[in-house]
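Naming convention: chains lettered A, B, ... in sequence-line order (proteins, then strands); numbering from 1 in each chain.
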Number of protein chains: 2
Amino acid sequence: MLKYEESLPLKLLKAREATMNFFRPVLLDISLTEQQWRIIRALAEHKELESKQLADLCCILSPSLTGIISRLEQQGYTQRRRSNEDQRRILISLTEKAETMFKRVTPLLEARYQEITEQYTQENLDLLYELLNKLTQIKPVSEGSKTE
Amino acid sequence: MLKYEESLPLKLLKAREATMNFFRPVLLDISLTEQQWRIIRALAEHKELESKQLADLCCILSPSLTGIISRLEQQGYTQRRRSNEDQRRILISLTEKAETMFKRVTPLLEARYQEITEQYTQENLDLLYELLNKLTQIKPVSEGSKTE
DNA sequence: TAAGGATTCTTCGTATTTGAGCATTAAAAT
DNA sequence: ATTTTAATGCTCAAATACGAAGAATCCTTA
C-alpha cells in the first residue's frame with residue numbers, strides 16, 4: 001500500500017506550491033490572482049482567443065472563466081466580441097492597458113524564474129519538463145466506475 | 001522570453017490534472033471531493049493529527065480546513081477533541097464509518113494508480129518522484145518585492 | 001425546412017482557495 | 001504575577017473550482 005506522502009497528485013501539488021512561492025509576491029503586488037495572470041499571459045502571446053481555447057490553455061473550467069473574464073473586463077484589462085462566422089463564440093483579447101502592464105511585470109517574474117533555475121539547475125529543469133510532458137499525455141482507458 | 005506553455009507552474013498543474021483524471025470518477029462515485037479524500041487518507045495513516053499538521057500534510061490552508069473538517073464531521077467521517085496538554089490544539093481522527101469506507105475504496109484507487117504506472121512506466125515514475133522531491137525543497141531567498 | 005443533435009457560453013449551487021484579521025491559549029520576558 | 005510575544009484555530013470576504021443544467025447558435029438528416 002502506497003504511503004500518503006507518495007501520492008503523485010499530492011507531490012505535483014506540493015511541487016507547484018514550491019514554485020508559486022517565488023511568483024506569488026509579485027502577483028500580490030500588482031493585485032492579480034494566479035488565474036487572472038494565466039489568462040493575461042496566454043492572451044499576450046496569442047493575441048485573440050475564444051473562451052474555450054482560453055479555458056483549455058489555462059486549465060480553467062468554463063464556468064470559472066466566465067467570472068474571471070468579466071472581472072478582468074471591469075478592470076479594463078480585456079475586451080470581448082462575438083465571432084462573425086459563429087455567433088456562439090466569444091473572442092477575447094487584451095487592451096492597451098493590459099499590454100503595457102504585461103511588459104512592465106514580465107521582467108520581475110522572469111527574474112524569479114531565473115532564481116528557480118539557479119537553485120534547481122538547468123539540467124534538472126530540462127529533465128523535469130520532459131517527464132511532465134509525457135505524464136500530461138496519459139489518459140484513463142476504462143471510463144467505467146459509473147454505477148448506473 | 002519563455003513561451004506560455006513552458007511555464008513551470010502551469011506544466012505542473014496540467015500534469016496533476018492528467019493524473020487526477022484517473023481518480024476523479026472514483027471520488028465522484030463516493031461523493032467525496034479531492035480535499036476531503038486527502039484528509040481522510042492522511043488520517044487513515046496517521047490515526048490522529050492536529051489541525052495544523054493536517055493542513056501541512058494535505059497542502060490545505062487553515063481557513064479551508066475548518067470548513068472541510070466540519071463538513072466531514074457532519075457526514076460522520078471524522079471526530080475531534082481538544083488536546084489535554086495544550087488547549088489550543090484540536091486533534092482530529094477518523095470514525096469507524098470512515099475506516100470502513102476507506103478500506104472499501106482504496107483498492108479502486110490503487111487500480112487506477114496501477115493503470116498510470118503501466119502507461120507511464122515505473123522508471124519514469126521513479127525519476128519523476130526524485131525530481132519533484134528536489135523541486136519541493138527550493139525556497140525563494142529575496143523576500144522582497146514589498147513596496148513598504 | 002423542421003426536428004434532432006451537437007457545440008459554446010452562461011447560470012446556479014456547493015465546496016474550496018487565499019489573504020487578512022481576530023480570539024484563545026502558551027510560553028517567554030519583565 | 002503581569003506584560004509581551006508567539007502559536008493555534010477560527011471568521012470573513014472575495015475569487016475560483018466543479019458538476020449539473022439552461023439558453024443560444026450551428027449542424028445534420030429526414
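- Residue B/Arg89 places no side-chain atom within donor-acceptor reach of the base of D/dT8, judged by atom type and a 3.5 Å distance cut-off alone.
- The side-chain hydrogen bond (donor to acceptor under 3.5 Å, both in side chains) check on B/Arg16 picks up B/Glu34, with sequence neighbours excluded.
- When rounded to the nearest whole Å, the span between CG of A/Leu65 and P of C/dT8 equals 14 Å.
- B/Arg82 comes within contact range of no nucleotide atom at all, as no heavy-atom separation falls under 4.0 Å.
- With hydrogens and angles left out, the side chain of B/Arg88 and the base of C/dA26 share no donor-acceptor pair within 3.5 Å.
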B/Asn124/B/Thr121 under side-chain hydrogen bond (donor to acceptor under 3.5 Å, both in side chains): CA gap, chis, key distance, verdict: CA-CA 6 Å; B/Asn124 281 336; B/Thr121 76; 3.2 Å; yes
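- Residue-level contact check: A/Leu61 touches the bases, meaning some heavy atom is under 4.0 Å from a base atom.
- Remark: A/Lys97 is positioned above the aromatic ring of A/Tyr77, its terminal NZ or CZ atom under 6.0 angstrom from the ring centre and at most 45 degrees off the axis.
- Taking the nucleotide of DNA chain D with the nearest heavy atom to each of A/Gln87 and B/Gln53, the more 5' of the two is matched to B/Gln53.
- Whole-Å rounding puts the A/Arg16 CZ to C/dT17 C1' distance at 12 Å.
- Residue B/Tyr77 contributes atom OH, which lies 14 Å from atom P of C/dA15 at whole-angstrom precision.
- Taking a cutoff of 4.0 Å between a charged side-chain nitrogen and a carboxylate oxygen, B/Arg24 and B/Glu17 qualify as a salt bridge.
- Out of D/dG9, D/dA20, D/dC12, the shortest distance to the side chain of B/Lys52 is found at D/dG9.
- Counting non-hydrogen atoms under 4.0 angstrom, A/Thr33 reaches the backbone sugars and phosphates but no base.
- Nearest to the side-chain atoms of B/Pro63 among the listed nucleotides D/dC12, D/dA20, D/dA17 stands D/dC12.
- Here D/dT16 presents its P atom at 10 Å from CG of A/Leu32, a figure rounded to the nearest Å.
- Within the 4.0 angstrom heavy-atom criterion, base atoms lie near A/Ser62.
- When the C1' atom of D/dA15 is taken as reference, atom CZ of A/Arg24 falls 14 Å away, rounded to whole Å.
- An OP1 or OP2 oxygen of D/dC10 is reached within less than 4.0 angstrom by a side-chain nitrogen or oxygen of B/Arg80.
- Side-chain atoms of B/Gln122 and B/Asp126 include a donor-acceptor pair closer than 3.5 Å.
- Over its full length, the helix from C/dT1-D/dA30 to C/dT30-D/dA1 turns its helical axis through 10°, comparing axes from the five pairs at each end and rounding to 10°.
- For the pair A/Arg71 CZ and C/dT17 C1', the computed distance is 13 Å after rounding to whole Å.
- Between A/Glu17 and A/Thr66, it is A/Thr66 whose nearest contact on DNA chain C lies nearer the 5' terminus.
- Summary of the strand contacts: B/Gly67 and A/Ser64 both lie near DNA chain C, and taking for each the nucleotide with the nearest heavy atom, the more 5' one is attributed to A/Ser64.
- A/Phe102 and A/Trp37 have their aromatic ring centers within a separation under 6.0 angstrom.
- Put simply, A/Gln35 has no side-chain N or O that comes within less than 4.0 Å of OP1 or OP2 on C/dT18.
- Nearest nucleotide to the side chain of A/Ile60, out of D/dA17, D/dT8, D/dC10: D/dA17.
- Geometrically, B/Lys134 does not engage A/Tyr120 in a cation-pi contact defined by less than 6.0 Å to the ring centre and at most 45° from the axis.
- Counting to the nearest Å, the C1' atom of D/dC18 and the CD atom of B/Glu34 are 10 Å from each other.
- Look at CG on A/Leu27: it is 15 Å from C1' on C/dT17, rounded to the nearest Å.
- If you check the side chains of B/Asn133 and B/Thr136, you find no donor sitting under 3.5 Å from an acceptor.
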